[in-house]
Amino acid sequence: MIRIAVVLLMVAFSAAAAAQAQKLGPGDAVRVTVFGQPDLTTEARVSDKGTIDMPLLGSVKLAGLAPSEAANAIERALKKGQFLKNPQVTLALTAVRSRQVSVLGLVTRPGRYPLEEAHVALPDIIAAAGGIAAGGKQTVTVIRDGVTREVSALDRRFELKGGDTVYVDRAPVFYIYGEVARSGAYPVTPHMTVMQAISVGGGITPRGSERRVKLRRTGPDGKVIERDARLQDIVKADDVIYVKESIF
């Protein structure tokens with residue numbers, strides 16, 4: 001029991017330390033308390049200019065300061081203005097809005113989302129955006145400080161930082177038509193064969209023939225090449241599979 005209590009105390013201390021290390025920015029909500037001066041208690045949101053309005057002081061710039069540094073700045077302002085001789089100020093960060101992530105592309109609700117906690121995993125912010133929309137890729141692109149990386153949308157080990165951009169691109173698809181039960185566009189899965197692609201399309205109709213399957217693919221030069229497809233050929237993104245009628 002003692003060991004558990006110590007662990008819980010360490011976790012609480014770490015969380016408090018993280019909150020104190022968080023630099024204030026526009027949109028953050030704070031509560032300012034001046035000991036013995038209830039009339040000076042202020043709950044405010046940091047403006048786009050990085051300031052809050054305080055009784056007696058008016059506009060006070062807090063952006064870029066940790067909560068403890070902001071409290072010290074208010075104390076100095078109260079002393080300098082000769083409003084209080086020895087003010088004791090505490091400032092608590094009550095809601096984080098300055099650390100935001102942009103979630104764009106094929107998600108249900110694209111937009112900017114705040115990182116409310118010190119550690120936010122990628123799947124959580126995608127869930128906040130309503131999840132990946134139909135046709136979206138399960139591997140997303142994260143842009144951080146101008147550097148892009150591909151990350152699985154389910155990777156809970158990947159933590160986001162303020163200023164990150166998460167982009168969900170269209171999932172790779174292939175197209176199948178002709179003598180199949182369900183013509184259309186379908187997602188390409190790793191190592192998918194032509195036989196599996198035909199199965200996804202509902203299989204060949206009685207009029208079709210698995211010996212008369214064509215595959216059209218765009219090459220690196222942009223030219224479209226059509227050839228006979230074998231059932232074990234690997235399907236790539238944007239391939240077009242055409243099942244022709246049997247000649248018998």
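Note that the structure is predicted; figures quoted are calculated from it, not measured.
- In the hydrophobic cluster analysis, where Ile, Leu, Val, Met, Phe, Trp and Tyr join through side-chain heavy atoms closer than 4.5 angstrom, Leu65 is grouped apart from Ile74.
- Under a 3.5 Å cut-off, the side chain of Ser102 and the backbone N or O of Thr165 do not form any donor-acceptor pair.
- Within a 6.0 Å sphere centred on CD of Glu150, heavy atoms belonging to other residues, nucleotides or ligands number more than 12.
- With Arg212 contributing its side chain and Glu245 its backbone, the two residues share a donor-acceptor pair below 3.5 Å.
- Contact of the Leu160 side chain with the Asp124 side chain is not registered, since no non-hydrogen atoms from C-beta on lie closer than 4.5 Å.
- Put simply, the side chain of Ser199 never gets that close to the backbone of Ala197: no donor and acceptor are under 3.5 Å apart.
- Nearest heavy-atom pair across Leu40 and Pro55 is CD2-CB, 3.7 Å.
- Using modelled atom types, no side-chain atom of Lys49 and backbone atom of Pro26 make a donor-acceptor pair closer than 3.5 Å.
- In this model, no donor atom of one side chain and acceptor atom of the other lie less than 3.5 Å apart for Glu43 and Thr94.
- Counting all heavy atoms, side chain and backbone alike, Pro114 lies closest to Ile125 at O-CD1, 4.1 Å.
- Nearest heavy-atom pair, Leu93 versus Pro67, reported as atom, atom and distance to 0.1 Å: CB-CG, 4.5 Å.
- With 3.5 Å as the limit, one finds a donor-acceptor pair spanning the side chains of Glu179 and Thr205.
- The backbone N or O of Thr51 sits less than 3.5 Å from a side-chain atom of Ser47, completing a donor-acceptor pair.
- At distances below 3.5 Å, at least one donor-acceptor pair connects side-chain atoms of Arg99 with backbone N or O atoms of Glu117.
- Glu226 pairs in a salt bridge (charged side-chain N to carboxylate O under 4.0 Å, His left out) with only one of the listed residues (Arg217, Arg216, Lys244), which is Arg216.
- Judged purely by atom type and a 3.5 angstrom limit, Arg182 uses its side chain to pair as donor or acceptor with the backbone of Val200.
- In the hydrophobic cluster analysis, where Ile, Leu, Val, Met, Phe, Trp and Tyr join through side-chain heavy atoms closer than 4.5 angstrom, Leu215 is grouped together with Leu231.
- Linking ILVMFWY residues whenever their side-chain heavy atoms come closer than 4.5 Å, directly or via other members, leaves Val166 and Leu154 in distinct clusters.
- When all heavy atoms are compared, the tightest approach of Ile132 to Lys137 is CD1-O, 3.4 Å.
- Hydrophobic clustering, with ILVMFWY side chains joined whenever heavy atoms are under 4.5 angstrom apart, groups Val235 together with Met195.
- In this structure, the side chain of Gln37 does not engage the main chain of Val34 through any donor-acceptor pair within 3.5 Å.
- Without hydrogens or angle criteria, Arg109 side chain to Ala128 main chain gives a donor-acceptor distance under 3.5 Å.
- Between the side chain of Asp155 and the backbone N or O of Ser152 there is no donor-acceptor pair closer than 3.5 Å.
- Connectivity analysis of hydrophobic side chains (ILVMFWY, heavy atoms under 4.5 Å, direct or indirect) links Tyr175 to Val173, Tyr177, Val240, Tyr242.
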